Visitor: 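Submitted below is the structure of interest, expressed as structure tokens.
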Amino acid sequence: MKFYSIKRITKFGVVSFWRNLWLSLATITIITLSLIIASSTVILNALINTSIKTAQDKIDISVYFKQDTRESKIQDIIFELEELPQAQSVVYIPKQEALEKFKQKHQDDILILESLEELDDNPLLATINIKAKEIDYYPAIVDFLNQERFRDYIEKIDYNDNKIVIDKLNTISKSIKKGGFLVGLAFITISVLMIFNTIKLTIHSRGREIEIMKLVGATNWFIRGPFIVEGILFGLISTIITIIILFFTINKISPQVSLFFTDYEETLMGYFLVYFWQILGLTLLMSIALGVVSSLIAMRKHLKV
Amino acid sequence: MINFKNISKIYPKNTVALSDINLVIKKGEFVSIVGKSGAGKTTIARLITAEEKPTQGYLEVLGFDMTKIPGSRIPELRRQIGVVFQDFKLLPESTVSENVAFAMEVCNIPSNLIEKDVDRLLRLVELSSKKDKFPDQLSGGEKQRVSLARALANKPSILIADEPTGNLDMVMAKEIVDLLSKVNELGTTVILATHNKDIVNRVEKRVVTLEDGKIISDISKGRYKL
Ligand SMILES: Nc1ncnc2c1ncn2[C@@H]1O[C@H](COP(=O)(O)OP(=O)(O)OP(=O)(O)O)[C@@H](O)[C@H]1O
Ligand SMILES: [Mg+2]
């Protein structure tokens with residue numbers, strides 16, 4: 001195809017966009033709605049998945065040994081724990097290390113440090129932190145530690161159970177996925193149908209015009225081209241609007257959402273910015289595909305003069 | 001250049017528009033095709049431009065086998081044939097000059113050349129003053145002349161004029177026919193379909209007479225009989 005025809009086709013496409021401004025605006029609105037729903041679903045899901053992961057990472061079992069438990073006994077227990085099929089990692093923090101960590105943590109607090117000095121003994125307990133391979137394995141490990149034979153050595157077992165939070169997040173994630181998918185699909189279908197019908201209508205009302213164009217020697221591409229240009233215009237404009245709306249909405253609700261996931265450092269805005277180019281690219285691709293594919297399908301029948 | 005061999009055209013619902021047409025038109029000829037309304041003149045034009053496919057027989061135009069021409073090559077054929085359509089076929093949403101320009105635009109001609117040529121063509125058919133009007137705002141005769149200007153735009157090897165004087169007064173009609181003769185003298189093959197006796201007699205070239213889809217006479221330097 002020659003340069004002149006590309007230029008002309010673009011011109012014809014833009015002209016047709018303006019001549020049917022209201023139809024163009026309606027189509028853009030529908031595409032924009034579909035894009036917003038689709039991208040919010042994706043962003044929310046990503047956020048929730050990270051939250052779940054963070055929550056999962058925070059689960060562990062801490063075992064505090066009694067002051068007088070001998071080092072060798074502790075080593076035996078660690079060995080047994082490491083043999084457990086459910087255990088992923090067993091990290092031992094000896095008394096001395098625990099003390100150093102404590103001092104480090106309170107290095108600015110002279111009062112605490114001074115009172116520590118006054119004590120002869122290390123008041124801190126030896127600890128082990130256990131992580132399970134799967135969340136469901138924790139209860140088994142806790143049961144294992146609760147056995148009679150460990151009673152004398154273990155001061156306390158801390159099982160930081162985030163399970164309820166995680167289950168809740170999982171449920172939310174599932175319903176968002178399902179709901180977002182369905183609504184998104186519905187809107188995408190509506191936009192395809194709408195673009196399809198817009199173009200069909202235009203082509204129908206311009207069927208005579210197309211026939212004349214063909215009779216004076218226009219190729220199918222020369223006729224189809226402007227519609228494709230229009231489809232690309234729909235896509236570009238919808239993408240810009242979608243990104244602007246997403247930006248401002250997220251900017252507004254990001255603090256609240258972060259508050260809800262207060263434990264986790266991700267913010268919605270942070271997410272949006274990190275994945276900005278991916279979101280933009282995907283939105284653009286999707287919208288242009290929507291515009292162009294539906295216009296090509298709608299054209300197909302009318303080009304057989 | 002154009003060769004009809006035993007061509008028949010039957011429209012849907014068994015309307016026989018042409019039957020067993022044998023007609024050879026050579027390069028540079030001026031052929032008038034005459035006949036009553038419904039005789040099949042427009043159908044001959046439509047077969048030449050691939051707007052319709054023959055039902056039977058063999059047809060060759062500008063080296064293309066019209067019984068087999070693929071859709072993708074039809075634009076190439078049509079760009080070499082200028083047609084003044086009986087019903088004008090002007091783009092309703094475009095101005096007079098845009099209509100003429102469009103035929104050139106589809107041929108990838110640079111814009112600056114198009115502009116000059118459109119001016120020249122509109123002067124030729126005496127429509128310079130109406131160049132920014134839309135087809136709706138023109139009289140029948142004016143539309144016909146726009147159609148003629150467009151048909152001439154790409155310096156076609158074949159010019160088909162289907163009833164190009166139907167809406168014109170006698171003075172204007174004669175001018176148009178003289179214009180067709182001039183185009184023909186410059187080397188373009190001209191096919192003129194009409195039932196206007198005076199026009200045909202004025203041309204004094206080959207006359208093919210159709211009746212009910214059949215050729216009943218084919219005379220060089222003929223006159224309109226019937
Ligand atoms: N698209 C069509 N479908 C069915 N029949 C058609 C069609 N076009 C033309 N016909 C028929 O074919 C016959 C020839 O028509 P054609 O248009 O070729 O005549 P014509 O000689 O050009 O007439 P006129 O002088 O009125 O323009 C007529 O009987 C007409 O009714
Ligand atoms: Mg006719």
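Every value quoted in this text rests on a predicted model; they were computed, and no experiment measured them. Throughout, a chain's letter reflects where its sequence line sits, starting with A, and its residues are numbered from 1.
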Visitor: What distance separates A:Phe222 CZ from B:Cys107 SG, expressed to the nearest 0.5 Å?
Guide: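 The CZ atom of A:Phe222 sits 9.0 Å away from the SG atom of B:Cys107.
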Visitor: Can a donor-acceptor pair be found, under 3.5 Å and without considering hydrogens, that links the side chain of B:Arg79 to the backbone of A:Val216?
Guide: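 No, the answer is negative, given that no donor and acceptor are paired below the 3.5 Å cut-off.
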Visitor: Looking at side-chain heavy atoms only, is the closest gap between B:Arg78 and A:Leu215 below 4.5 Å?
Guide: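 Result yes, sub-4.5 Å side-chain heavy-atom pair found.
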Visitor: Check the pair A:Lys11, B:Glu105 against side-chain contact (heavy atoms from CB on, under 4.5 Å), reporting the backbone distance first and the verdict last.
Guide: CA-CA 12 Å; A:Lys11 190 189 84 188; B:Glu105 284 172 338; 3.9 Å; yes
Visitor: Please look at B:Leu90 and chain A and tell me whether the side chain, the backbone, both or neither of the residue comes under 4.5 angstrom of a heavy atom of that chain.
Guide: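 Backbone only.
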Visitor: So for atom OH, which belongs to A:Tyr275, do other residues, nucleotides or ligands contribute more than 12 heavy atoms lying within a distance under 6.0 Å?
Guide: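 At most 12 heavy atoms, drawn from other residues, nucleotides or ligands, come within 6.0 Å of this atom.
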Visitor: Are A:Ile212 and B:Arg150 close enough, and set up right, to give a side-chain contact (heavy atoms from CB on, under 4.5 Å), and what steps lead you there?
Guide: CA-CA 12 Å; A:Ile212 295 170; B:Arg150 181 182 61 188; 3.7 Å; yes
Visitor: Tell me the closest heavy-atom pair linking B:Pro75 and A:Gly217, and the distance in Å.
Guide: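 B:Pro75 and A:Gly217 have their closest heavy atoms at CB-O, 3.4 Å.
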Visitor: If you count the non-hydrogen atoms of other residues, nucleotides and ligands that lie under 6.0 Å from CD in B:Gln56, is the total more than 12?
Guide: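 No.
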Visitor: So for atom NZ, which belongs to A:Lys252, do other residues, nucleotides or ligands contribute more than 12 heavy atoms lying within a distance under 6.0 Å?
Guide: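 Atom NZ in A:Lys252 is not packed in, count stays at 12 or less.
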Visitor: Does the side chain of B:Ser111 reach to within under 4.5 Å of the side chain of A:Arg8, using non-hydrogen atoms?
Guide: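 Contact flag for B:Ser111/A:Arg8 side chains = yes.
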Visitor: Do A:Glu211 and B:Lys89 come close enough that some side-chain heavy atom pair is under 4.5 Å?
Guide: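 A side-chain contact under 4.5 Å exists here.
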Visitor: For the pair A:Phe12 and B:Phe102, name the ring-plane relationship: parallel under 30°, tilted 30 to 60°, perpendicular over 60°.
Guide: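 Correct class here is tilted.
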